[in-house]
Amino acid sequence: MTKCLVIGASGQLGTNLTGSLRAKYGKNQVVASDIRPTKESSQNEPFEVLDAMDFEAIKKVVEKHQINVIYHLAAILSAKGEQNPEMAWNLNMTSLLHVLNLAKENTKIQIFWPSSIAVFGPSTPKDNTPQDCVMDPNTVYGISKLAGERWCEYYHKKHGVDVRSVRYPGLIGYKTLPGGGTTDYAVDIFYKILQEESYECFLKENCYLPMMYMDDAVKATIDIMEAPVDAINIRSSYNLSAISFSPKELYNEIKNQISEAKISYNPDFRQAIADSWPNSINDAEARKDWGWEHSFDLSKMVQEIIKGLKEQLVIH
Ligand code: AKB
């Protein structure tokens, strides 16, 4: 019987993933955890306050709830990581090594750990970026994700740990706000346009980045974890792709539905991060090995977000 622990359950992906895992396996089969309780955590039971930097605390929660699957999502993302590189490196690496070491002690525990398109860098081929190519990340977040991928493969080969991973593109959802990423503009734009009719974008209008709607990201995460063990041929991390667009294309799609929408561009330090990442990703291996397919294109995603956010913000 699957019993999951989600570390970082109050974050953007964590909130959505926890909900879907509970719908699938049952509420009590999925323990949510985060560094501090949130307003909602009393309705989010089972919930544990858990510091991902504390090995003994993670071990205690795993033993208490007899966890056999850990989704370790806690991390500092690209933009925030550049403000405090040492803290980003420490959190991203130490917490990953804690869950890998736990699974090394008990190989019945399966691990999901997210990597990112941030593992790529300025010398990486920009278009249709292959699974294996030059990787020279120049953000601390990207460096930690690339190092993390090497650790995952190492723990699988040396210690038989069943760790699985995907390189997420920018994730776009409306239920929870992202925090500290470079692709966050693609979420912020919806809130600002619905509330204030205009948005000032921190990236250039023609800056293409790989992106994915949250429902697709959750589906990919559950699909890779449920795939038979011999289908998983890549133990570092799989390229994963859905859509690629620029701020201008996203804005045009939103304007089709909200004619008053306005945008201006004022690129900041995040532009250099975006410039170092691919425009689009080749995810043939994920499609071949475990049957990955995305469902949301740009227009379907925009419709879904505007509808959902209007209900959430009570705008008519
Ligand atoms: C970020 O922008 O830092 C993240 C990512 C692409 O991993 N959304």
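- Contact check for Thr221 versus Tyr168: side-chain heavy atoms found under the 4.5 Å cut-off.
- Arg164 forms no cation-pi arrangement with Phe112, by the criterion of a distance under 6.0 Å to the ring centre and an angle within 45° of the ring axis.
- Electrostatic pairing of Glu149 and Arg167 counts as a salt bridge here, judged by a charged N lying under 4.0 Å from a carboxylate O.
- Glu285 and Lys288 are joined by a salt bridge, as a carboxylate oxygen and a charged side-chain nitrogen come within less than 4.0 angstrom of each other.
- When each of Asp216, Asn239, Asp283, Asp223 is checked for a side-chain hydrogen bond (donor to acceptor under 3.5 Å, both in side chains) with Trp292, only Asp283 meets the rule.
- Distance alone, capped at 3.5 Å, is enough to place a donor-acceptor pair between the Ser144 side chain and the Tyr141 backbone.
- The pair Glu260-Lys255 does not meet the salt-bridge criterion, since no charged nitrogen lies less than 4.0 angstrom from a carboxylate oxygen.
- Of the inter-residue distances, the one linking Asn279 atom CG with Asn128 atom CG reads 10.5 Å to the nearest 0.5 angstrom.
- The backbone N or O of Val140 lies less than 3.5 Å from a partner atom in the side chain of Glu82, making a donor-acceptor pair.
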(request) Verify side chain to side chain donor-acceptor pair (under 3.5 Å) between Gln12 and Asn16, making sure each step is shown before the conclusion. (result) CA-CA 7 Å; Gln12 187 204 16; Asn16 290 277; over 6 Å; no
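- Summarising the local packing, NZ of Lys24 is surrounded by 12 or fewer heavy atoms from other residues, nucleotides or ligands at distances under 6.0 Å.
- Between the side chain of Thr124 and the backbone N or O of Val134 there is at least one donor-acceptor pair closer than 3.5 Å.
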(request) Before giving the answer on salt bridge (Lys or Arg N to Asp or Glu O under 4.0 Å), spell out for Glu153 and Lys158 the whole-Å C-alpha distance, their side-chain angles and the decisive distance to 0.1 Å. (result) CA-CA 8 Å; Glu153 191 179 291; Lys158 282 252 175 189; over 6 Å; no
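- Hydrophobic clustering (ILVMFWY, side-chain heavy atoms < 4.5 Å, transitive): Ile35 and Leu5 are in distinct clusters.
- Ring geometry for Trp151 versus Tyr154: interplanar angle over 60°, hence perpendicular rather than tilted (30 to 60°).
- Between the side chain of Thr15 and the backbone N or O of Thr176 there is no donor-acceptor pair closer than 3.5 Å.
- Residues Thr107 and Asp162 are not in side-chain contact: their nearest non-hydrogen atoms beyond the backbone lie 4.5 Å or more apart.
- Of the inter-residue distances, the one linking Met225 atom CE with Ile232 atom CD1 reads 9.5 Å to the nearest 0.5 angstrom.
- Formation of a donor-acceptor pair under 3.5 Å by the Thr94 side chain with backbone atoms of Leu91 is not found in this model.
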(message) For Glu249 and Tyr208: C-alpha separation, side-chain torsions, deciding distance, then whether side chain to side chain donor-acceptor pair (under 3.5 Å) applies.
(response) CA-CA 9 Å; Glu249 284 178 353; Tyr208 275 84; 2.3 Å; yes
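- Below 30°, between 30° and 60°, or above 60°: for Tyr238 and Trp290 the angle between ring planes is above 60°, a perpendicular geometry.
- Ser241 is not listed as a side-chain neighbour of Pro210, based on a closest heavy-atom distance of 4.5 Å or more.
- Annotation: the span from Leu102 atom CG to Leu97 atom CG amounts to 12.0 Å, rounded to 0.5 Å.
- Although no hydrogens or angles enter the test, the distance criterion places no donor-acceptor pair under 3.5 Å between the side chain of Tyr155 and the main chain of Arg150.
- A salt bridge is defined here as a Lys NZ or Arg NE, NH1 or NH2 lying under 4.0 Å from an Asp or Glu carboxylate O, and Asp215 with Lys219 fails to meet this definition.
- Among the candidates Glu48, Lys60, Gln29, the single residue satisfying the side-chain hydrogen bond (donor to acceptor under 3.5 Å, both in side chains) test with His65 is Glu48.
- Surrounding NZ of Lys3 are more than 12 heavy atoms belonging to other residues, nucleotides or ligands, all under 6.0 Å away.
- Taking the ring axis of Phe296 as reference, the NZ or CZ atom of Lys300 stays within 45° of it and closer than 6.0 Å to the ring centre.
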(request) Would you please test His72 and Ser95 for side chain to side chain donor-acceptor pair (under 3.5 Å) and show each step? (result) CA-CA 8 Å; His72 172 34; Ser95 61; 2.9 Å; yes
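- Separation of atoms CG (Leu100) and CD (Glu105) is listed at 12.0 Å; rounding is to 0.5 Å.
- Atom NZ of Lys27 sits in a crowded spot, with more than 12 heavy atoms from other residues, nucleotides or ligands closer than 6.0 Å.
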(message) Let's go through Ile70 and Val62 carefully: what are the C-alpha distance in whole Å and the side-chain angles of both, what is the deciding distance for side chain to side chain contact (heavy atoms under 4.5 Å, CB included) to 0.1 Å, and is it a yes or a no?
(response) CA-CA 9 Å; Ile70 301 177; Val62 165; 3.9 Å; yes
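- Between the side chain of Thr182 and the backbone N or O of Ser78 there is no donor-acceptor pair closer than 3.5 Å.
- Within the 4.5 Å cutoff, no side-chain heavy atoms of Val31 are placed close to those of Phe47.
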(request) Check the pair Asp136, Ser123 against side chain to side chain donor-acceptor pair (under 3.5 Å), reporting the backbone distance first and the verdict last. (result) CA-CA 7 Å; Asp136 56 349; Ser123 311; 2.6 Å; yes
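- For Glu200, the CD atom sits in a packed shell: over 12 heavy atoms of surrounding residues, nucleotides or ligands are nearer than 6.0 Å.
- One N or O on the side chain of Asp54 and one on the backbone of Ala57 form a donor-acceptor pair closer than 3.5 Å.
- Closest approach of Ser115 and Ser237 over heavy atoms only: CB-OG, 3.3 Å.
- With rounding to the nearest 0.5 Å, the separation of CG in Asp127 from CD1 in Ile281 is 10.0 Å.
- Both Tyr251 and Ile243 sit in one connected hydrophobic cluster of ILVMFWY residues. Membership requires side-chain heavy atoms under 4.5 Å apart, directly or through other members.
- Side chain of Gln312 to main chain of Tyr174: a donor-acceptor pair is present (N/O by atom type, distance under 3.5 Å, no hydrogens or angles).
- Within 6.0 Å of the NZ atom in Lys204, the count of heavy atoms belonging to other residues, nucleotides or ligands does not exceed 12.
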(message) One pair to check against side chain to side chain contact (heavy atoms under 4.5 Å, CB included): Cys133 and Phe120. What are the steps and the verdict?
(response) CA-CA 9 Å; Cys133 56; Phe120 299 115; 3.8 Å; yes
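- A donor-acceptor pair under 3.5 Å is formed between the side chain of Lys145 and the backbone N or O of Pro114.
- A chain of hydrophobic side-chain contacts below 4.5 Å, direct or via other Ile, Leu, Val, Met, Phe, Trp or Tyr residues, connects Ile193 to Tyr185.
- Under 4.0 Å is where a charged nitrogen must lie from a carboxylate oxygen, and between Arg270 and Asp184 no such pair does.
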(message) Show, in sequence, the C-alpha distance, side-chain angles and deciding distance for Leu73 and Ile7, and conclude whether the side chain to side chain contact (heavy atoms under 4.5 Å, CB included) test is met.
(response) CA-CA 6 Å; Leu73 311 179; Ile7 303 178; over 6 Å; no
(request) Check the pair Ile234, Gln131 against side chain to side chain contact (heavy atoms under 4.5 Å, CB included), reporting the backbone distance first and the verdict last. (result) CA-CA 10 Å; Ile234 295 174; Gln131 175 72 36; 3.6 Å; yes
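- Tracing side-chain contacts under 4.5 Å through hydrophobic residues (I, L, V, M, F, W, Y), one never reaches Leu250 starting from Met212; they form parts of separate clusters.
- Under the 4.5 Å side-chain heavy-atom criterion for ILVMFWY residues, a single connected hydrophobic cluster contains both Leu209 and Tyr265.
- Here the closest non-hydrogen pair linking Pro37 and Val49 is CD-CG2, 3.7 Å.
- Side-chain contact between Thr129 and Trp277: absent, with no pair of heavy atoms (C-beta onward) separated by less than 4.5 Å.
- Residue Ser33 comes nearest to Leu50 through the heavy atom pair OG-CD2, 3.6 Å, listed as atom of the first residue, atom of the second, then distance.
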